[in-house]
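A, B, ... follow the sequence lines: proteins, then strands. Residue 1 opens every chain.
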Protein chains: 2
Amino acid sequence: MRPTVHDIAAEAGVSLATVDRVLNNRPGVRSVTRNRVERAIATLGYVRDVAAANLAKSRSYPLVFILPSGENAFMRGLESELRFAMSRSAAERLDITILSVPAFDAPALAAALLDARKRRPAGVAVVAVEAPEVTEAVKRLCEDGVSVVTLVSDLPGSGRDHFAGVDNVAAGRTAGSLLGRFLGGREGPVAVLAGSMLVRDHRDRLEGFRAVTSEDFASRQVLPVIEGQDNPLLVEKLVGALLERNPDLAGIYSLGAGNRGLIAALEKAGRAKSVCTIAHELTPHSRAALLSGTIDALLNQNAGHEVRSAIRVLKAKADGLPVIAAQERIRIDIFLKDNLPLEQE
Amino acid sequence: MRPTVHDIAAEAGVSLATVDRVLNNRPGVRSVTRNRVERAIATLGYVRDVAAANLAKSRSYPLVFILPSGENAFMRGLESELRFAMSRSAAERLDITILSVPAFDAPALAAALLDARKRRPAGVAVVAVEAPEVTEAVKRLCEDGVSVVTLVSDLPGSGRDHFAGVDNVAAGRTAGSLLGRFLGGREGPVAVLAGSMLVRDHRDRLEGFRAVTSEDFASRQVLPVIEGQDNPLLVEKLVGALLERNPDLAGIYSLGAGNRGLIAALEKAGRAKSVCTIAHELTPHSRAALLSGTIDALLNQNAGHEVRSAIRVLKAKADGLPVIAAQERIRIDIFLKDNLPLEQE
DNA sequence: CTGTTAGCGCCTTCAC
DNA sequence: GTGAAGGCGCTAACAG
C-alpha cells in the first residue's frame, strides 16, 4: 500500500496539518519540524495523490481559448475539437471559455487577451498574431501568473509558457524536399502561396521551404510569394493569374489556407495533374483533392492533438507540474493518398 | 456547482446508499425506486466524479505487458517508454507487470499469456505473433473478462478489444508510393527486405507495398522478398549478396528491423547514395543513416504514443468507458532528414 | 508554531 | 429493500 499523509504524520511524530503545511510549503512550521517531516516523506517514498488533493480542494481549472473567427476550415476543425474536449471536461474539472476574434487582426486579439485577463483564468491558449501589442498583452498575462500557451502559431519573445503547434520551419523544409524529389529532373519554376506574412507559422514555413530549395535543389527557380489572405476567392484569382503567366509551372507549395481556391484554379486550368502541388491541413476539400490527384502531398497538424496538448500543459502548469516534452511535441503529419485515415478527424 | 449524489438523494427522496446502488446498478432496489432515482439523475444532469469514486474504492489497475526480448532497438525503445510510464504510474493508480518472451516464438508467447492470466489483471497488452495457440490464449483471456490490447502487431480473429499500432497496409502503400515517386523515371528493380512472415505487421506492409507498386508503378520490377529475421548480421549478409546479384538495383524497402545490417551492407558496397532506401522505425542507427543520406525516408510508429494509448484504452475498458477512436489512432510518421525531431524520443 | 475537526464526492459495511 | 455511519487521501478552518 502506498504511504499516506497519516503514515508520514506517524513517522515524523506530528499532526496531519503540519504534514500538509510542509507538503504545500506553507509557512508556520519550524525548520526543525519541517526537516523531520521531509525526512519521513523521503524514507517512506511518499507521493501525493493528486486526485484526492483535487477532491479536497474541489479544484477546477478555468481556462480561456482565443481562436480566430471566420470560415477557415482548419480553425473551425480546431474549434470543434475544443468543443468536444469541453463536452468531456466535467470529469477533468475543466471550465473552458472560448473567445473569438477576427483573423489576422492584432488589435482585436490584444483586446481579447485583456478580456481574458479580467476573467482571472488559470491559463490561456491563443492562436497568436505577431504584433507588439499582442506580445505586450501576453507578457502582462504571464506577469499575473496566468500560464499562456500559444496554439498553432507561436509568439517568440512574449514569455509564453509553451507552444502547442508544429515546427513550421521543419514543415517548410519537408514540403521543399518532397516537392524537389517528386519533380525530379522535370523543368520549370515553382510557386509559393501564403496566407499572410503577419503570422509566424506562415513566415517560418516559407523560410524552411526556401532554405531547403536553395540547399538541395539550387537550380530550381522559386517565383515571388503570393499572399492570398487564406481567402479562397482571392486565392483562386491569384493562382489563376499565376498559371496563365507561367505555362511551364512545375509545382506549387501552398503554405497557408484557402485551398478551395487553389484546387478550383488548378482544375479549371486543366493543370491539376501536371502541376505538382503540396499543401497544408487535412480538410474535406484538401482530402478530396489528394484522392483525385490534384494535390500530391498534404502536411497536416492534428487539431485534436493540439487542443488536448494545450489543455494538458495548461493544467500541468497550473499545478506547477513538469510537462513531458516528448508527449507534447506536435508532429507534422505527411499524408499521401495512401495513408489518409479513413474518417475526417 | 455540479450535482452530487447528495443532490440526487434529496431530489429522489431516498438515501445515499440507494442512489449508489442505482448508479452502479447493483440489485436490491425496487424498480419504482430505481425509476425515481434515474429520473433525478436525468433532470439534474448528474455525472459521476470518477476520481472520487476511485478514491473511495481505492481502485487500482493491474496490467500486464508482454514484449519480445532481444536486441531489437524498436522493442527496447518501447520497453523504455513503458518503464517511463510505470515510473509515473503512481498517480494513475497503475500497477504494471512486464513479461518478456523470445521474438517470433509462438509457444513461448502462448505460455506467457497463460501466465498473465493467472495474475488476474484488469488488462493485458501484447505484441502478438500470429499463430493458433496465441489466438487461442488471447480468446481465453477475453472470456475471463480481461481486456486485451494488441500492441504493434495485431491478431485479427482473436477477439482482442483494441489494436494499438499503425495501419500497416497503409504504411506499406506509403513506402511504395514514396519509393516510386522518388525513383521517378530511373531504371532498375527494387527489393523488399522483411523480418519474418510470421508477424502480421510485416505481412501487411508487404501487401500494401506490392499493391501500390503494381497499381501505380506497374513497370517496376519487384524482386523476391528477403527475410532477415530482424537480425542485423543476417540482414547484412543477405543485403550484401543482393547488391552483388543486382548491380542495377534502384531501391530497397526494408519493412522490418535489423537496419544496422542494411546500412552497413549499403555503405560497404558504396551504394548508399545510389540505392533509394526506405525503412521503418526511428532508432539511433536509422536516424544517423537518414541524416547521412543512406536512408531516404523513414516510416515510424511512435512507441511512446503506443504505450500511452494501450494504457489509456486498457484503463477505459476496465472502467467500461468508451474510447475516443480519433485520439487512439496511431499515425504513421514519415521522416525525411528535414523533419527529424531534435532528440531521440 | 502546531493540532483538532470537519468535509470534498463516492462507496461499503452493517443494521433496520 | 432501504438507510445510517464511517472511511478513501487530502485540505482548510479554527483552536490552542
Side-chain angles (χ1 to χ4, degrees), chain A residues 1-41 44-61 89-95 318-321, chain B residues 1-41 44-61 89-95 318-321:
Chain A
M1 217 51 201
R2 261 171 63 188
T4 75
V5 277
H6 290 93
D7 300 322
I8 303 180
E11 173 81 13
V14 296
S15 77
L16 287 183
T18 302
V19 173
D20 187 67
R21 287 187 188 101
V22 174
L23 280 175
N24 298 288
N25 45 52
R26 266 190 286 271
V29 187
R30 265 186 316 171
S31 60
V32 212
T33 321
R34 183 173 292 272
N35 275 310
R36 239 177 338 141
V37 175
E38 271 162 358
R39 208 163 334 111
I41 292 176
L44 295 186
Y46 169 84
V47 265
R48 166 220 248 92
D49 182 331
V50 188
N54 281 343
L55 175 60
K57 279 193 289 209
S58 52
R59 194 193 199 317
S60 79
Y61 301 83
S89 69
E92 314 230 18
R93 302 176 171 280
L94 297 172
D95 172 19
D319 288 334
L321 264 43
Chain B
M1 216 51 198
R2 261 171 64 189
T4 74
V5 277
H6 290 93
D7 301 321
I8 304 181
E11 174 82 13
V14 296
S15 78
L16 290 182
T18 302
V19 173
D20 187 69
R21 287 186 187 100
V22 174
L23 281 176
N24 298 289
N25 45 54
R26 264 189 287 272
V29 187
R30 267 185 313 174
S31 60
V32 212
T33 321
R34 183 173 294 270
N35 275 311
R36 244 185 326 148
V37 174
E38 271 163 357
R39 206 163 335 110
I41 292 177
L44 294 187
Y46 169 83
V47 266
R48 167 220 245 92
D49 181 331
V50 188
N54 281 343
L55 175 60
K57 280 191 288 208
S58 50
R59 195 194 197 316
S60 80
Y61 301 83
S89 69
E92 315 230 18
R93 302 176 169 281
L94 296 172
D95 173 17
D319 287 336
L321 263 43

Nearest to the [X] side chain among [options], which nucleotide is it?
X        : options                   : value
Ala17(A) : dT11(D), dG1(D), dT4(C)   : dT4(C)
Thr4(A)  : dG9(C), dC10(D), dA12(D)  : dC10(D)
Val5(B)  : dA13(D), dC10(D), dC10(C) : dC10(C)
Asp20(A) : dG9(C), dA12(D), dT2(C)   : dA12(D)
Arg30(A) : dC11(C), dT2(C), dT11(D)  : dT2(C)

Would you mind reading off the distance between [X] atom [atom1] and [N] atom [atom2], rounded to a whole angstrom?
X         : N       : atom1 : atom2 : answer
Lys57(A)  : dG9(D)  : NZ    : P     : 17 Å
His6(A)   : dT11(D) : NE2   : P     : 12 Å
Arg2(B)   : dC10(C) : CZ    : C1'   : 12 Å
Arg93(B)  : dC10(C) : CZ    : P     : 15 Å
Ile8(A)   : dT11(D) : CD1   : P     : 10 Å
Asp319(A) : dC10(D) : CG    : P     : 15 Å
Asn25(B)  : dG1(D)  : CG    : C1'   : 17 Å
Arg59(A)  : dG9(C)  : CZ    : C1'   : 18 Å

Pairs touching residues 46-57 of chain B that satisfy salt bridge (charged side-chain N to carboxylate O under 4.0 Å, His left out), sequence neighbours left out: Arg93(A)-Asp49(B)
Checking Asn35(B) side chain against Val32(B) main chain: does a donor-acceptor pair fall under 3.5 Å? no
Looking at Asn54(B) and Ala51(B), would you say the former's side chain and the latter's main chain have a donor-acceptor pair under 3.5 Å? no
Measuring to OP1 and OP2 of dG3(C), would you say a side-chain N or O of Thr18(A) lies under 4.0 angstrom away? yes
Under 4.0 Å between a side-chain N/O of Ser58(B) and OP1 or OP2 of dC8(D), yes or no? no
Along DNA chain D (nearest heavy atom to each residue), the more 5'-positioned of Arg34(B) and Ala56(B): Arg34(B)
Salt bridge present between Asp20(B) and Arg26(B) (N-O < 4.0 angstrom): yes
Can you list, in residue-number order, the parts of residues 44-55 of chain B that come under 4.0 Å of DNA chain D, counting heavy atoms only? Leu55(B)
Would you give the length of the straight line joining atom [atom1] of [X] to atom [atom2] of [Y], rounded to the nearest 0.5 angstrom?
X        : Y        : atom1 : atom2 : answer
Arg2(A)  : Asp7(A)  : CZ    : CG    : 11.5 Å
Arg39(B) : Ile8(B)  : CZ    : CD1   : 13.5 Å
Leu23(B) : Thr18(B) : CG    : OG1   : 11.0 Å

Using the side-chain contact (heavy atoms from CB on, under 4.5 Å) rule, take Tyr46(A) and Val37(A) through it: C-alpha gap first, then chi angles, then the decisive distance, then the call. CA-CA 11 Å; Tyr46(A) 169 84; Val37(A) 175; over 6 Å; no
Report each atom pair, protein N/O against N/O of nucleotides 14-16 of chain C, whose distance is under 3.5 angstrom.
none

Counting the atoms with a prime plus P, OP1 and OP2 as sugar-phosphate, which does Val19(A) contact under 4.0 Å by heavy atoms, base, sugar-phosphate, or nothing? nothing
NA contact type, Arg26(A), heavy-atom cut-off 4.0 Å: base, sugar-phosphate, or nothing? sugar-phosphate
side-chain contact (heavy atoms from CB on, under 4.5 Å) assessment of Val22(B) paired with Thr33(B): CA-CA 9 Å; Val22(B) 174; Thr33(B) 321; over 6 Å; no
Do Asn25(A) and Arg34(A) have side chains that approach each other closer than 4.5 Å (heavy atoms only, starting at C-beta)? yes
